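Everything on this sheet refers to the single structure shown next.
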Amino acid sequence: MQEERLKLPILSEEQVIMEAVAEHPVVIVCGETGSGKTTQVPQFLYEAGYSSDDSIIGVTEPRRVAAVAMSQRVAKEMNLSQRVVSYQIRYEGNVTEETRIKFMTDGVLLKEIQRDFLLSQYKVVIIDEAHERSVYTDILIGLLSRIVSLRAKRLLPLKLIIMSATLRVEDFTQNQRLFATPPPVIKVESRQFPVTVHFNKRTPLEDYSGECFRKVCKVHRLLPAGGILVFLTGQAEVHTLCRRLRRAFPHARPRPPENEDQKDSVEETQKFKKSRARARKAQAATLPQISLDSYSVLPAGEGDEDREAEMDDEEALGSDLDLDLADDGADGGEQPDASLPLHVLPLYSLLAPEKQAQVFQPPPEGTRLCVVATNVAETSLTIPGIKYVVDCGKVKKRHYDRVTGVSSFRITWVSQASADQRAGRAGRTEPGHCYRLYSSAVFSDFEQFPPPEITRRPVEDLILQMKALNIEKVVNFPFPTTPSVEALVAAEELLISLGALQAPQKAERAKQLQRSRLSCPITALGRTMATFPVAPRYAKMLALSRQHGCLPYAITIVAAMTVRELFAELDRPAASDDELTMLKARRARVAHMKRTWAGQGTSRSLGDLMVLLGAVGACEYSGCSPQFCETNGLRLKAMLEIRRLRGQLTTAVNSVCPEAGLFVDPKMQPPSESQVTYLRQIVTAGLGDHLARRVQSEDLLDDKWRNAYKTPLLDDPVFIHPSSVLFKELPDFVVYQEIVETSKLYMKGVSAVEAQWIP
Ligand code: ADP
Ligand code: MG
């Protein structure tokens, strides 16, 4: 390992970097993925004495995976314990009093800024993977530019190091509002070997997964030794391809693919048992006073990638599975060939850490490594020994409509910069090859760089957090890239309507809007809302739930809405008749359970949110057993995440409102009728801007409006999603959690509203 380390190109830049850090408050370090930034720079700083008992080195990562993996790697390289080189991510961490280097997700650092704006605990903060331009990275850089000058004034200098895998750093260097003096940029020469890029002559329209399979087979059969890295868009695709490849090239310890899932679930069970034991212990020891301080307070963002991955379960590309059957033998590729063992490993962000770590291990003697990955392998993790990259050229991202907030997951082409990053993975150890499953003409139409995330999604959560930091004039904030005025206005309007910001006089507001000078101050309610680690709409619900014993229910509903997709996807195409029978039975069972959980009468009008409440209640009652989840079509992972979030929200509520004396009750009784009515009102208040009215039959001009609803913002009809318990009831007024666009515009998370509650 030390030998490997000595070969890293960044080591020859140590002096240059350390001198720049000594002389400048802000330094930018650019270097190809794998050049050693993340693992080495913290060590340089440590060795140069940039940490002591009371001031440490902080490193932020946009992904939980990277924070954990990197802290482990650096501890190992430095021969120090994880008590000294530690990590903190949303729900867990191993930070101790001895910690000197702390890896964390950017959400965690943002939360720390809210507690201590000067970040006095740190002597250096490293913002890693800044090229990814995640929303939190951007906000952190803006905030840190101010913190650095404040700390300088107090003669307690803070060093800021921004690290990027690309040279595209003008948004940081050429932005006078951000850094009045442009920070120096240090380029680390990469030890990149040439990569030959091969374009497909034609671009497959649909089946890029199948094309990946064929390409990997070819590479493996025909080309000399060297690892293969495949880029696909999501978890389901990754698993499907892994299965196909394992079947085609089995190796020494063959595991029949059918057992794979079983093995997963045994592992899951064990892990689950452990985590339950831990959770029990934690509950006994600390509830209701877990310190929230080191937890991320932010709803979206940090977990967004995970959410994307989670959605895969639902959006599993049916065509893959069909192909699995139809394609067998069609191109001769699927005849098992044990003479060419291939060591196939999946890699995506929700994969259990110990499984992720497998990609860093050398493959078994005589086998070739093949890693099938999502975007995570693009920059944040470097897999050793890769010589061939197979790139489908696509990425899955959540898209938001800026005005209506309607979201959809879309698989789109990557940018040229991303495609080049992917290709670069092939040239780390020797000259390599990248196979692009699209034509060079298609490539030349790719956009050059991906747009920063902050320009692509609603920002009400960020605005609320910023207002809570007393940043009143959000437009003046030194964003590396400023969100659009429309997005800022929409966010402020929503926060005003939720009562989180003070509503200006009408005339005043008109003036503000005209000059794009948004400057509404935060209200007391807004401050309370900002302490809850969920989106503002949900925070509002929590803030309203103090009375009538509604809090435990509101917390549960909000936790379940935040985690989303509780139910496993059962609409996937079946791979066999047996599977089809199983799926049908399972679907019937789930539909039945949903109706049971929704209850009758009043509770039924709480609709899908009542189902959430019932599902979580019943699942907890069973001890959250994998068995229970399996039988009732619930996703164990989601249920465990909800449990953690309930714990976190309970703590947050207790800290705002200690007299509530809440605790997470695994045997929560269902709410009474009157509590359900209060809950419905609370939900209506939180989702007030997500109101829809049933189109009355007399308004029906066009058949497309049958069973449709009208919302204030959309011209098109929206429908209750078939998975909703209110799908057939069609109440006159409903509020919904979100509108997702698939074949139609569908409302999900629907709850009925009484006309007299509508203002
Ligand atoms: P950068 O941050 O510039 O992308 P890193 O510091 O992450 O680079 O990685 C430097 C080198 O360390 C890489 O070549 C990578 O292969 C190796 N490395 C990083 N993490 C691990 C790990 N967990 N196991 C084995 N090798 C690793
Ligand atoms: Mg790195």
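Here the structure is a predicted model, which is why all the values come from computation and not from measurement. First listed ligand is number 1; within each ligand, the first listed atom is number 1.
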For ligand 1, note which part of [X] has a heavy atom under 4.0 Å away: side chain, backbone, both or neither.
X: K37; value: both
X: S35; value: both
X: V188; value: neither
X: R5; value: neither

| message | Would G36 count as being in polar contact with ligand 1, using the rule that some N or O on each side must be under 3.5 angstrom apart? | response |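 Among all N and O atoms of G36, at least one is under 3.5 Å from an N or O of ligand 1.
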| Q40 N/O under 3.5 Å from ligand 1 N/O |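 No; the residue has no nitrogen or oxygen that sits under 3.5 Å from a nitrogen or oxygen of the ligand.
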Among the heavy atoms of [X], does any lie under 4.0 Å from an atom of ligand 1?
X: Q72; answer: no
X: G34; answer: yes
X: M70; answer: yes
X: A69; answer: no

| query | Parallel, tilted or perpendicular: which describes the rings of H198 and Y435, with under 30° parallel and over 60° perpendicular? | reply |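 The arrangement is parallel - the two ring planes meet at less than 30°.
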| query | Could E453 and R456 be called an ion pair, given the rule that one side-chain N must be under 4.0 Å from one carboxylate O? | reply |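 No.
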Could you tell me whether a side-chain N or O of [X] sits under 3.5 Å from a main-chain N or O of [Y], the two making a donor and an acceptor?
X: K37; Y: G31; answer: yes
X: E237; Y: T233; answer: yes
X: R5; Y: G36; answer: no
X: D116; Y: S120; answer: yes
X: Q416; Y: F443; answer: yes

| message | Applying salt bridge (charged side-chain N to carboxylate O under 4.0 Å, His left out) as the test, list every pair that has at least one member in residues 383-395; sequence neighbours left out. | response |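 For residues 383-395: K387-E430, D391-R422.
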| E32 neighbourhood, listing ligand 1 atoms whose heavy-atom distance to it stays under 4.0 Å |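 Selected atoms, number and element: 3 (O).
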| message | I'd like to know: is the Mg ion (ligand 2) within the 2.8 Å range of an N/O/S atom from M70, strictly under that distance? | response | no
| query | Is there a side chain to side chain donor-acceptor pair (under 3.5 Å) between H220 and R368 once you walk through the steps? | reply | CA-CA 8 Å; H220 184 47; R368 184 204 291 268; 2.8 Å; yes
| request: For atom 9 (O) of ligand 1, state which one of V29, T39, T33, I383 supplies the nearest heavy atom. | output: T39
